[in-house]
Amino acid sequence: MPELPEVEITRRGIAPRLTNAKITSVTIREHRLRWPVPANMAKHLAGCTINSVNRRAKYLLVKTDNGTIIIHLGMSGTLRFVKPGTAPKKHDHVDIEINSDYILRYNDPRRFGCLLRTDDNPLSHPLLTRLGPEPLSSAFTGHYLHTVSKGRRIAIKPHLMNAAIVVGVGNIYASESLFRAGIHPKRAAGRISLERMMHLTEAVKLVLQESIHHGGTTLRDFYNGEGKPGYFSNELNVYDRQDEACIKCRQPIRQITLGQRSTFYCPNCQR
DNA sequence: CCCGATTCCTGTAGGC
DNA sequence: TGCCTACAGGAATCGG
């Protein structure tokens with residue numbers, strides 16, 4: 001399930017081959033993703049050149065000389081290169097062929113992802129305008145998080161997963177970051193001191209950076225541009241480790257449901 | 001405005 | 001072995 005590190009790993013994997021490449025054809029086999037793949041996308045993109053591959057939140061932004069492709073991997077989407085002539089498999093929904101020698105193939109069993117195209121600045125697209133700061137940027141500080149949490153009674157974990165507060169932190173990294181910061185996932189966001197918020201923002205940054213360093217987290221769905229999994233799941237301290245001994249205090253890790261999402265924490269270390 | 005619940009979808013795992 | 005059900009989750013949207 002791609003969160004920010006997995007999307008960033010994907011970006012780094014596909015950017016070298018895509019940058020300055022010419023799109024020779026686009027094939028759409030399934031339009032029914034989270035939002036319909038625009039019918040005219042293939043026509044718009046055929047023959048144009050890719051200028052850059054960037055990321056904002058969990059969106060990949062493929063800038064061409066005829067608009068920008070906006071790609072979201074949802075929770076089961078992958079992008080990988082195959083050679084032309086490779087038979088499509090189940091859930092291979094879209095092909096973008098470049099330089100007649102590689103196909104960037106989008107596969108998404110659950111179809112929670114999307115592929116869109118815009119002529120405008122993609123940051124002005126409705127899906128991207130209300131996003132909070134990047135967690136790895138200097139804008140995401142303890143002061144910022146403390147300020148935007150004032151008076152909020154929502155539990156800190158779903159608060160951290162709210163893209164209007166900060167982007168890219170999904171279910172796995174929210175649990176991991178709160179464990180590292182020693183904060184209980186159910187604690188009201190508005191009742192966390194500035195000092196603890198500073199610890200939390202540092203924990204978020206560290207967890208995300210370490211995950212990127214390990215190639216992301218593969219639990220079941222995530223594979224990078226070369227079809228290889230990430231190895232950060234070995235480094236997870238609480239996620240999917242219910243009943244295992246906490247690495248700090250040896251008490252069993254607990255699993256609860258919070259905001260309709262499974263949540264993992266140490267009841268002894270997190271308050 | 002705030003916040004919890006619902007919704008989309010399919011593969012996987014567990015129960016019988 | 002096979003059928004059935006529960007569950008996983010990103011994020012928009014709905015409802016109170």
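Naming: A, B, ... by sequence-line order, numbering from 1 per chain.
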Fill in: Y239(A) side chain near dG9(C) phosphate (N/O to OP1/OP2, under 4.0 Å)
yes
Worksheet item: Thinking salt bridges, do D119(A) and R117(A) make one under a 4.0 Å N-O criterion?
Response: yes
Worksheet item: Side chain of R110(A): nearest nucleotide among dC9(B), dG10(C), dA12(C)?
Response: dC9(B)
Practice prompt. For dA12(C), take OP1 and OP2 only and decide whether either is under 4.0 Å from a side-chain N or O of R34(A).
Written response: no
Worksheet item: Is the distance from OP1 or OP2 of dG9(C) to the nearest side-chain N or O of S262(A) less than 4.0 Å?
Response: yes
Worksheet item: For dG11(B), does OP1 or OP2 lie under 4.0 Å from any side-chain N or O of H91(A)?
Response: yes
Item to complete: May I have the distance from Q260(A) (atom CD) to dG9(C) (atom C1'), rounded to whole angstrom?
Response: 12 Å
Discussion item. Measure NZ/K186(A) against C1'/dG4(B) and give the value in whole Å, please.
Written reply: 13 Å
Worksheet item: Taking atom C1' of dA8(C) as reference, at what distance in whole Å does atom CG of L258(A) sit?
Response: 16 Å
Worksheet item: Given dT10(B), is OP1 or OP2 found less than 4.0 Å from the side-chain N or O atoms of K90(A)?
Response: no
Response to the item:
Among dT10(B), dG9(C), dA11(C), the one nearest any side-chain atom of F112(A) is dG9(C)
Item to complete: Confirm from the modelled atom types if R153(A) and dG4(B) form a donor-acceptor pair under 3.5 Å, side chain to base only.
Response: no
Worksheet item: Where each residue is assigned the nucleotide of DNA chain B containing its nearest heavy atom, which of I154(A) and R261(A) is assigned the position nearer the 5′ end?
Response: I154(A)
Item to complete: Starting at atom CD of E3(A), determine the distance to atom P of dA8(C), rounded to an integer number of angstrom.
Response: 15 Å
Item to complete: Tell me which nucleotide among dC2(B), dG4(B), dT10(B) gets nearest to the side chain of R152(A).
Response: dC2(B)
Discussion item. Does dG10(C) have its OP1 or OP2 closer than 4.0 Å to a side-chain nitrogen or oxygen of K58(A)?
Written reply: no
Worksheet entry | Distance in angstrom units between I70(A) CD1 and dA11(C) C1', rounded | 15 Å
Worksheet item: Reckon R111(A) touches a base, only the sugar-phosphate, or nothing at all at heavy-atom distances under 4.0 Å?
Response: sugar-phosphate
Practice prompt. Answer yes or no: does a side-chain N or O of H72(A) lie under 4.0 Å from OP1 or OP2 of dA11(C)?
Written response: yes
Fill in: Smallest separation among heavy atoms of G132(A) and R56(A), with atom names
O-NH2, 2.7 Å
Worksheet item: Atom CE of M75(A) and atom C1' of dC7(C): how far apart are they, to the nearest Å?
Response: 10 Å
Item to complete: Ignoring hydrogens and angles, state whether a donor on the side chain of K90(A) or N107(A) is under 3.5 Å from an acceptor on the partner side chain.
Response: no
Worksheet item: In whole angstroms, how far is the C1' atom of dT10(B) from the CG atom of D108(A)?
Response: 10 Å
Worksheet item: Quick one: does NZ or CZ of K186(A) land under 6.0 Å from the six-membered ring centre of Y265(A), within 45 degrees of the ring axis?
Response: no
Practice prompt. Check the angle between the aromatic planes of Y106(A) and H93(A) and answer parallel, tilted or perpendicular using the 30° and 60° thresholds.
Written response: tilted
Discussion item. Tell me the interatomic distance from H159(A), atom NE2, to dG10(C), atom C1', rounded to whole angstroms.
Written reply: 18 Å
Worksheet item: Does a side-chain N-to-carboxylate-O contact under 4.0 Å join E202(A) and K205(A)?
Response: no
